[in-house]
Number of protein chains: 2
Amino acid sequence: MSPTIKDVAKKAGVSIATVSLVIQNHARITTATKTKVQKAIKELNYHPSRSAKGLVTKTTGNIGFILTDDHFLQTEPFYTKIFLGTEFGTRGTNYYVLLATIARDFNSKDELPRFILERSVDGIIIAGKATQDFIERIELLDIPIVFIDYYPNSGNFFTVLIDNINGGIIATKHLVDLGHKEIGFIGGDISHPSIYDRFSGYKQALESGGIKFNKKNCVIDEEDPSRPNGYNAAKKLFAQNKKITAIFACNDAMAIGAMQYCTDNKIKIPNDVSLIGFDDVEADIFLNPPLTTIKVPKFELGTEAIHLIENVIKNKSYHNKKKILVPVELIIRNSTRELK
Amino acid sequence: MSPTIKDVAKKAGVSIATVSLVIQNHARITTATKTKVQKAIKELNYHPSRSAKGLVTKTTGNIGFILTDDHFLQTEPFYTKIFLGTEFGTRGTNYYVLLATIARDFNSKDELPRFILERSVDGIIIAGKATQDFIERIELLDIPIVFIDYYPNSGNFFTVLIDNINGGIIATKHLVDLGHKEIGFIGGDISHPSIYDRFSGYKQALESGGIKFNKKNCVIDEEDPSRPNGYNAAKKLFAQNKKITAIFACNDAMAIGAMQYCTDNKIKIPNDVSLIGFDDVEADIFLNPPLTTIKVPKFELGTEAIHLIENVIKNKSYHNKKKILVPVELIIRNSTRELK
DNA sequence: TAGAGTTAGTTAAACGTTTAACTTAAATCT
DNA sequence: AGATTTAAGTTAAACGTTTAACTAACTCTA
């Protein structure tokens, strides 16, 4: 049987309360007894029982991670990386993270994830878009929530966000710096704050570069930013403006689709048109040519979310909701080049 | 505050023991009181406290899922799918699954995953290869273990496996049926039972087809089955035998690498050579041409593992270790064709 | 009809922590 | 020196379940 706090107490010659206080490194304990107890803990290889602790503190030590199921059907393991980041982020803590997927179109008929119904989590992280219906039901529960790469416009939530505006700016600026003037933007799901912000960055950089924004250079009506939609968007874009010499795709999936379109239509990248994506997914370097993109530190988004929710759980009172912005980085590969 | 078993007992007019027995649907309870209690549970929206239960039963309700970290750096989300399958598999159960990654070269200096050290799991699932060092340390712990897509040759473990031999057979038979005679095999990490078995299937099907096995048609010395290694293996293969008309790659990643090699060297697929992979990853359908492959039901591997470990946990005594074989399926796309 | 057996439910202890309230001894103050 | 404060640790109750042992009410059986 595993040793309990009693065994430690006996071995160290103190009461179990003292052991408990040492574990929480409470100020009341002298360093002398502290070391004594710690020694006993080491020697017995003691680990406190989570159940017993949970019973009295009414905590579970778990954090729920929620994702819409469609993300796992995608080729690009974007949110998977983020999830992995959360797992890594818990290493210094006493938390475990529990994953659950919900339907992309979660609605009133759907059940909440089991760990929520059973109150098996102390807080939850929602990555990517979730339906309003879902968010509203979760909010009623009075459980700490942190969003990643999304925030509902219905309130002021804790969120960790990609610096999409700046990403949009540096991506576009890169093209401008290369001498391009007719710079297209292709995007999908423009109502998603991330896509919207990338588009904003695009417009800002254009303006800073003295280039007038032109609606004809934009295709933003695709339903979501997937490869096939990137293909379609590229087709539409060239139909709207034949003189395009550079394209900024709102993410790498669409960029890959656009690249496919170009290949199919004898448009050489980067000779005829430069192409830049956003996200930096693994597939990028296997493309022909390897894709220039904006690197999103996916892993970090996860670790930041853990730190944030930890704080939110600790200070329930801490109500000045706040957003954490994770910086992005330009990765120049071979799909962009100077305009001749 | 959440309702407790006491609230339910009071509402139903029974003792808390009765409520507990109803929850476990113990035979001692009449249907009358059972329904009475269940009604109270529903009305109060009662959910038993996992901590309290865990404290007395010495269980945690968690299952650990262990994966070497390199899998998450790969483009193909193979094990991610399996993990997701386990999550799905727990829906009918009372388990949660906790993910942890370990180093690919885990050795004596490395720490075991936290949930193991803290005894926060009732059983663990190990997906893919793990070092002998890791497995040995885990075994000492006397905790139920189930392997997925791997098994150490040091013993007789519970495992859920892909039917790799049959997969190798049907893949090769497909090529044989198309009239190919000079059929290459490219593989990496041949010491991995999955790769080894696919190779066995290849040889068996060759024999059944009346084709003599030829070492010159095989490249099996790549370190692991990745895209770049697929590229290299294809190069070696053609260097060994120019007359190859079909290739069976041990997985899709290598097939994709091989396809790249062919493209770079003006070898047309499927006109000049037919190519078949193994796994059926998302990327396959975006390839040019889309890849014929053997579909591995990744999701199912996960759900099967959950069912298996559930049983192992339940019947600790059940020691006739057993293997579950998950069937595979031939998916014909455009990378294979009849030999002219 | 008494006694034994069976059935359906109850009682109470136990699980391993945390923490408010308490104790004791030492330090500080007047 | 005696009273008061402070410091460091202890005591004991509480958290919400499970389950062995018990009880009371029936049902048989001879």
Side-chain angles (χ1 to χ4, degrees), chain A residues 1-41 44-62 94-96 117-120 122 313-314, chain B residues 1-41 44-62 94-96 117-120 122 313-314:
Chain A
M1 215 51 271
S2 283
T4 72
I5 198 170
K6 275 189 196 167
D7 302 316
V8 176
K10 189 181 288 175
K11 178 146 202 161
V14 296
S15 72
I16 63 164
T18 302
V19 176
S20 180
L21 294 175
V22 167
I23 289 167
Q24 304 169 64
N25 72 85
H26 194 284
R28 211 185 303 173
I29 308 294
T30 56
T31 35
T33 58
K34 200 172 187 172
T35 41
K36 200 168 59 182
V37 170
Q38 280 165 341
K39 184 159 163 276
I41 289 177
L44 292 172
N45 186 28
Y46 165 74
H47 291 279
S49 149
R50 226 304 153 195
S51 295
K53 174 174 182 167
L55 187 54
V56 9
T57 61
K58 293 178 181 322
T59 62
T60 66
N62 296 327
N94 287 309
Y95 287 104
Y96 293 120
L117 292 176
E118 297 179 353
R119 299 288 187 284
S120 300
D122 299 336
I313 292 170
K314 229 171 270 171
Chain B
M1 216 51 272
S2 283
T4 73
I5 199 171
K6 275 188 196 168
D7 301 316
V8 177
K10 189 181 288 176
K11 179 146 202 161
V14 297
S15 72
I16 62 165
T18 303
V19 176
S20 180
L21 294 174
V22 167
I23 290 168
Q24 304 168 64
N25 72 84
H26 193 284
R28 210 186 303 172
I29 308 295
T30 56
T31 36
T33 59
K34 200 172 187 171
T35 42
K36 199 168 57 179
V37 170
Q38 281 166 340
K39 184 159 163 278
I41 288 177
L44 292 173
N45 187 28
Y46 165 74
H47 292 279
S49 149
R50 226 303 152 194
S51 296
K53 174 174 183 168
L55 188 55
V56 9
T57 61
K58 292 176 181 325
T59 62
T60 65
N62 296 328
N94 286 311
Y95 287 105
Y96 292 120
L117 293 176
E118 298 179 352
R119 301 287 187 285
S120 300
D122 299 336
I313 292 171
K314 230 172 270 171

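Numbers restart at 1 for each chain; the letters A, B, ... are given by sequence-line order, proteins then strands.
At the phosphate of D:dA14, neither OP1 nor OP2 sits under 4.0 Å from any side-chain N or O atom of A:K58. Dashed line: the shortest gap from a side-chain N or O of B:S49 to OP1 or OP2 of D:dG16 is not under 4.0 Å. Under 4.0 angstrom from either OP1 or OP2 of D:dT18 there lies at least one side-chain N or O belonging to B:S20. For C:dT7, the OP1/OP2 oxygens have no side-chain nitrogen or oxygen of B:T30 closer than 4.0 Å.
Nearest to the side chain of A:L21, among D:dT10, C:dG16, C:dT17, sits D:dT10. Minimum atom distance to the side chain of B:S15 is reached by C:dT10, of the listed D:dG9, C:dG16, C:dT10. Minimum atom distance to the side chain of A:Q24 is reached by C:dT18, of the listed C:dT18, D:dG16, C:dT17.
Heavy atoms of B:I16 sit under 4.0 angstrom from at least one base atom. Using a 4.0 Å heavy-atom criterion, one finds that A:S51 contacts no nucleic acid atom at all. B:T57 comes within contact range of the sugar-phosphate backbone alone, with a heavy-atom separation under 4.0 Å but no base atom that close. Using a 4.0 Å heavy-atom cutoff across all strands shown, A:T4 reaches sugar-phosphate atoms only and no base atom.
Nearest heavy atoms, A:K34 versus A:I29: N-CG2, 3.9 Å. The shortest non-hydrogen separation linking A:L55 to B:S49 is CD1-OG, 4.4 Å.
When each of B:V14 and B:V56 is assigned the nucleotide of DNA chain C with its nearest heavy atom, B:V14 is the one assigned upstream, toward the 5' end.
The distance between atom CD1 of A:I5 and atom P of C:dG16, rounded to the nearest whole Å, is 11 Å. As rounded to whole Å, 13 Å separates atom P of D:dA8 from atom NZ of A:K36. Regarding A:L55, its CG atom lies at a distance of 8 Å from the C1' atom of C:dT17, rounded to whole Å. Between B:R50 atom CZ and C:dC15 atom P there is a gap of 18 Å when expressed in whole angstrom units. With rounding to whole Å, B:K10 atom NZ is found 15 Å from C:dT10 atom P. Distance B:L44 CG to D:dG16 P: 14 Å, rounded to the nearest Å. A straight line from NZ of A:K53 to P of D:dG16 spans 17 Å, rounded to a whole angstrom. Between the NE2 atom of B:H47 and the C1' atom of D:dT17 there is a distance of 16 Å, given to the nearest Å.
Considering CD1 of B:I5 and OG1 of B:T18, their distance stands at 9.0 Å, rounded to 0.5 Å. The line from NZ of A:K36 to CD1 of A:I41 is 12.5 Å long, rounded to the nearest 0.5 Å.
Counting only distance, with no hydrogens or angles, the side chain of B:S20 and the backbone of B:I16 share no donor-acceptor pair below 3.5 Å.
The shortest side-chain heavy-atom distance between B:Y46 and B:I23 falls under the 4.5 Å cut-off.
Applying the 3.5 Å distance criterion, the base of D:dT10 shares a donor-acceptor pair with the side chain of A:R28.
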